[in-house]
There are 2 protein chains.
Amino acid sequence: MKFIARNRSIILYGVSLAILLLTMKWLEWRIVVIDHAFELYAGVVAILFTLLGIWLANKLTRPKTNTVVIEKQVLVRTKDFVLNEVELARLSLSKRELEVLQSMADGLSNQQIAERLFLSLNTIKTHSSKVFEKLEVQRRTQAVEKARQLNIIP
Amino acid sequence: MKFIARNRSIILYGVSLAILLLTMKWLEWRIVVIDHAFELYAGVVAILFTLLGIWLANKLTRPKTNTVVIEKQVLVRTKDFVLNEVELARLSLSKRELEVLQSMADGLSNQQIAERLFLSLNTIKTHSSKVFEKLEVQRRTQAVEKARQLNIIP
DNA sequence: TTCTTCCTCATACTTTAGGATGATTTTAAT
DNA sequence: ATTAAAATCATCCTAAAGTATGAGGAAGAA
């Protein structure tokens with residue numbers, strides 16, 4: 001019985017008061033009620049004003065609030081691609097070299113890149129070699145992987 | 001004075017009671033105190049039990065737990081990768097082929113993949129050829145690009 | 001068991017990529 | 001005008017990648 005557990009003290013108080021009054025009644029029952037109207041009245045007043053106090057407290061005191069703060073982690077994924085201009089500047093890739101790098105990332109062969117940029121195959125080879133040099137890699141796949149990690153290509 | 005603001009009603013109640021008693025006193029001061037001991041006693045009892053009621057209420061009301069959820073933003077730089085199992089199943093890539101594809105995405109050469117997977121170079125070539133076939137591409141860079149677009153590798 | 005798929009490896013060959021080097025031209029800055 | 005960096009292209013050579021084909025073994029399903 002949750003009600004009993006919660007209001008144990010109140011109930012005990014009430015019961016005690018009742019017992020007290022009953023005891024008084026039992027002890028002095030033979031004496032005229034009027035003689036003891038005072039005690040009865042006092043008991044009633046006590047009970048009423050106790051209830052009034054409880055009502056007052058509940059009505060007027062601000063509710064006790066135990067603020068429990070729960071931190072909920074919200075994953076916010078970064079925008080799809082933010083160019084890392086710092087790294088791009090640090091690598092000092094020329095415009096052409098970057099174009100070649102982007103084309104490599106698209107999966108194009110050197111020949112296809114040459115056609116796309118209207119250049120000779122040999123020029124593409126030269127550019128790609130420079131790119132590998134600056135990115136400190138050996139193969140185009142590594143170059144693309146590293147460029148992606150550094151956020152210099154989408 | 002915050003205290004006054006908070007307990008305004010209680011104070012008013014007390015003051016009213018005091019005024020009432022004082023009025024009674026003033027009106028009937030000339031009558032013997034004993035004749036009116038009853039009213040005084042009742043007033044004292046009322047005040048005491050009102051205070052008792054307030055104390056009881058404050059002691060026994062359980063604090064309301066106010067749960068406040070604070071959303072803490074956590075930046076995740078890696079785009080959340082959700083494996084496209086549908087595409088993966090559609091392509092019917094075998095376990096080995098997928099491993100080779102992932103290694104290619106890491107920028108490894110066939111020789112390095114062979115060493116990583118404890119296989120021969122020729123085996124890697126066979127697997128990669130099958131991968132290109134299933135992905136309908138010609139080069140490893142294209143394979144990685146397409147696999148990324150299909151969300152079958154991070 | 002038989003059949004299929006996957007995995008493994010090999011050989012032979014072609015294509016592409018990459019390295020090294022040098023030359024010419026353009027562009028931009030001093 | 002001079003200088004430096006960037007861009008273009010070439011040749012020669014090696015390494016790596018990719019294609020085609022075959023073949024044997026292992027694992028799982030019918």
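As a basis for the values below, the full set of heavy atoms in this structure was taken, side chains included, without hydrogen atoms, waters or symmetry mates. Everything numeric in this text was worked out from a predicted model, so none of it was measured. Lettering of chains follows the sequences in order, A, B, ..., and the numbering in each one begins at 1.
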Asker: Using C1' atoms of five pairs at each end, report the bend of the helix from C:dT1-D:dA30 to C:dT30-D:dA1 rounded to 10 degrees.
Answerer: 50°
Asker: Who passes side-chain contact (heavy atoms from CB on, under 4.5 Å) against B:Ser129, sequence neighbours left out?
Answerer: none
Asker: Which heavy atom in B:Ile113 sits nearest to a heavy atom in B:Ser103, and how many Å separate them?
Answerer: CG1-CB, 3.6 Å
Asker: Suppose we screen for side-chain contact (heavy atoms from CB on, under 4.5 Å). Which residues come up paired with A:Arg90, at least two apart in sequence or across chains?
Answerer: A:Glu87
Asker: Testing the basics here: between A:Leu88 and A:Leu98, what is the closest heavy-atom pair and its distance to 0.1 Å?
Answerer: CD1-CD1, 4.1 Å
Asker: So, using salt bridge (charged side-chain N to carboxylate O under 4.0 Å, His left out) as the criterion, who are the partners of A:Arg139 when residues are at least two apart?
Answerer: none
Asker: Using the salt bridge (charged side-chain N to carboxylate O under 4.0 Å, His left out) rule, collect all pairs that involve residues 107-120 of chain A, keeping only residues at least two apart or in two chains.
Answerer: A:Asp106-A:Arg116
Asker: With sequence neighbours excluded, tell me which residues meet side-chain contact (heavy atoms from CB on, under 4.5 Å) with A:Ala143.
Answerer: A:Leu101, A:Met104, A:Phe132, A:Leu135, A:Val137
Asker: Tell me every residue that passes side chain to side chain donor-acceptor pair (under 3.5 Å) with B:Gln149, counting only those two or more places apart in sequence or in another chain.
Answerer: B:Glu145
Asker: Mind listing the N/O atom pairs, protein and nucleotides 14-21 of chain C, below 3.5 Å?
Answerer:
unit_1 : atom_1 : unit_2   : atom_2 : d
C:dA17 : OP1    : A:Asn110 : N      : 3.2
C:dA17 : OP2    : A:Asn110 : N      : 3.0
C:dG18 : OP1    : A:Arg140 : N      : 2.6
C:dG18 : OP2    : A:Arg140 : NH1    : 2.6
C:dG18 : O6     : A:Lys125 : NZ     : 2.8

Asker: Please list, pair by pair, any protein nitrogen or oxygen found under 3.5 Å from a nitrogen or oxygen in nucleotides 3-5 of chain D.
Answerer:
none

Asker: Return the minimal non-hydrogen interatomic distance between A:Lys125 and A:Ser128, and the atom names on each side.
Answerer: O-OG, 2.9 Å
Asker: Going by salt bridge (charged side-chain N to carboxylate O under 4.0 Å, His left out), name the residues that satisfy it together with B:Lys134, two or more places apart in sequence or in a different chain.
Answerer: B:Glu97
Asker: Please report, rounded to the nearest Å, how far the P atom of D:dA6 is from the CG atom of A:Leu117.
Answerer: 18 Å
Asker: Mind checking side-chain contact (heavy atoms from CB on, under 4.5 Å) for B:Thr126 and listing every partner two or more places apart, or none if nothing turns up?
Answerer: none
Asker: Report all interatomic pairs (protein N or O, nucleotide N or O of nucleotides 3-7 of chain C) with separations under 3.5 Å.
Answerer:
unit_1 : atom_1 : unit_2  : atom_2 : d
C:dC7  : OP1    : B:Lys95 : N      : 3.4
C:dC7  : OP1    : B:Arg96 : N      : 3.3
C:dC7  : OP2    : B:Ser94 : OG     : 2.2

Asker: For B:Val144 and B:Ile153, work out which heavy atoms get closest and say how close.
Answerer: O-CD1, 4.0 Å
Asker: Within this structure, what is the CD1-to-P distance between A:Ile124 and D:dA7, rounded to whole angstrom?
Answerer: 12 Å
Asker: Between A:Leu121 and A:Leu119, is there a shared hydrophobic cluster once you connect ILVMFWY residues whose side-chain heavy atoms come closer than 4.5 Å?
Answerer: no
